[in-house]
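Numbers restart at 1 for each chain; the letters A, B, ... are given by sequence-line order, proteins then strands.
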Protein chains: 2
Amino acid sequence: MESKQMRPDPFQRNCGSRQVIDRIGDRWSVLVVLTLADGDRRYGELAEHIDGISQKMLTQTLRGLERDGLVTRTVHASVPPRVDYALTDLGRSLLDLVSGLESWATTHLAEVQAARVRYDADLPHRAPTGTARPTRLTRPARR
Amino acid sequence: MESKQMRPDPFQRNCGSRQVIDRIGDRWSVLVVLTLADGDRRYGELAEHIDGISQKMLTQTLRGLERDGLVTRTVHASVPPRVDYALTDLGRSLLDLVSGLESWATTHLAEVQAARVRYDADLPHRAPTGTARPTRLTRPARR
DNA sequence: CTGTATCCGAACAGATACTG
DNA sequence: CAGTATCTGTTCGGATACAG
């Protein structure tokens with residue numbers, strides 16, 4: 001019996017492919033991978049380049065990427081300590097996709113924003129108070 | 001002041017392109033868009049096809065996609081009511097990318113899972129209790 | 001410099017009850 | 001059928017404080 005080698009199906013709740021999608025989709029993961037596109041980067045460089053990321057989120061994101069085999073972490077025994085991060089082959093295989101994401105975002109940004117204005121404008125019933133509100137995309141300005 | 005049209009840069013905190021990336025990256029958005037790839041779908045069909053999504057999340061996701069101009073919502077005045085969702089041109093322009101995401105996830109799933117096993121295996125310092133834990137993808141082995 | 005540990009409010013997401 | 005309204009527990013994520 002042909003081992004039912006069924007393809008991973010992200011539409012099934014328990015399929016691991018869904019978790020992979022989650023990782024890719026992760027806000028910071030995308031930006032970290034993009035930053036590593038040009039070559040190795042130190043922890044501090046990453047923190048500096050990715051505006052608004054907290055130390056906690058950066059570390060957390062890097063650990064996750066490392067765990068998934070997308071980036072490597074290299075510690076140089078020096079004082080002060082220096083840690084370099086780089087994409088693995090697997091990570092690089094993802095690069096095209098992630099670049100495409102960035103590209104799509106920048107080229108279609110205007111359209112999306114226009115659509116939002118339109119949508120918010122003709123809301124006869126003003127913005128619902130509850131569940132109807134779309135995932136909050138306008139984040140409260142950092143105080 | 002030249003209203004110099006600088007290219008959207010997702011590395012800048014306030015750039016809208018980051019929010020677009022967030023939308024794309026959203027777990028359910030990806031699955032909804034993929035489901036609509038083959039054509040219109042009714043609300044119930046979406047709910048049925050996307051295993052594990054709650055009514056609330058489905059509605060919320062659809063509203064968000066609609067607001068961003070990626071899907072249309074068509075209400076048919078019938079009893080019982082019938083609502084069809086479909087991708088817009090903008091939504092379809094995203095389809096290749098999203099399909100690529102699914103494709104990458106399914107083809108590299110095994111590698112990612114293997115990497116995780118490896119990573120979790122040789123953790124000399126057992127899983128940190130705090131921030132170090134990657135976005136929880138597997139339940140921490142309860143000791 | 002490169003993290004780790006905690007505290008804590010905000011946002012998220014599931015379950016449930018109800019409606020046109 | 002296709003939602004909306006609430007309630008509530010969980011997770012996220014920023015802000016310190018501290019360490020190797």
Check your understanding: Whole Å only: how far is the CD atom of B:Q60 from the C1' atom of C:dG14?
Key -> 12 Å

Review point. Would a 4.5 Å heavy-atom cut-off, applied to side chains only, mark A:L94 and B:H108 as touching?
Key: no

Check your understanding: What integer distance in Å separates A:Q55:CD from D:dA19:C1'?
Key -> 12 Å

Practice item. For A:E66 and C:dG3, give me the distance from atom CD to atom P, rounded to whole Å. Key: 9 Å

Practice item. Nearest whole angstrom, please: distance from the C1' of C:dT2 to the NZ of A:K56. Key: 17 Å

Exercise for review: Whole angstrom is fine here: how far is it from CZ in A:R82 over to P in C:dG3?
Suggested key: 12 Å

Review point. Between D:dG14 atom P and A:D51 atom CG, what is the distance in whole Å?
Key: 12 Å

Point to revise | Pair A:D84 + A:R82, salt bridge at N-O below 4.0 Å | key: yes

Revision key, fill the gap. Checking C:dG14, C:dT2, C:dC1 against the side chain of A:V83 (C-beta onward), the nearest is C:dT2

Exercise for review: Assign each of A:S54 and A:P81 to its nearest nucleotide of DNA chain D by heavy atoms, then name whichever residue's nucleotide is nearer the 5' end.
Suggested key: A:S54

Point to revise | Any A:R42 side-chain N or O less than 4.0 Å from OP1/OP2 of C:dC1 | key: no

Exercise for review: Would you mind reading off the distance between A:M57 atom CE and C:dG3 atom P, rounded to a whole angstrom?
Suggested key: 15 Å

Practice item. Scan B:R27 against the nucleic acid and name what it touches under 4.0 Å (heavy atoms): base, sugar-phosphate only, or nothing. Key: nothing

Review point. Thinking salt bridges, do A:D68 and B:R116 make one under a 4.0 Å N-O criterion?
Key: yes

Check your understanding: Under 3.5 Å, is there a donor-acceptor pair linking the side chains of A:R73 and A:Y85?
Key -> yes

Check your understanding: Side-chain N or O of A:Y43 less than 4.0 angstrom from OP1 or OP2 on C:dT4?
Key -> no

Review point. OP1 or OP2 of C:dT2 less than 4.0 angstrom from a side-chain nitrogen or oxygen of A:R73, does that happen here?
Key: no

Practice item. Calculate the interatomic distance between B:I50 atom CD1 and C:dG14 atom C1'; express it in whole Å. Key: 17 Å

Check your understanding: Between A:D26 and A:V30, is any pair of side-chain heavy atoms under 4.5 Å apart?
Key -> no

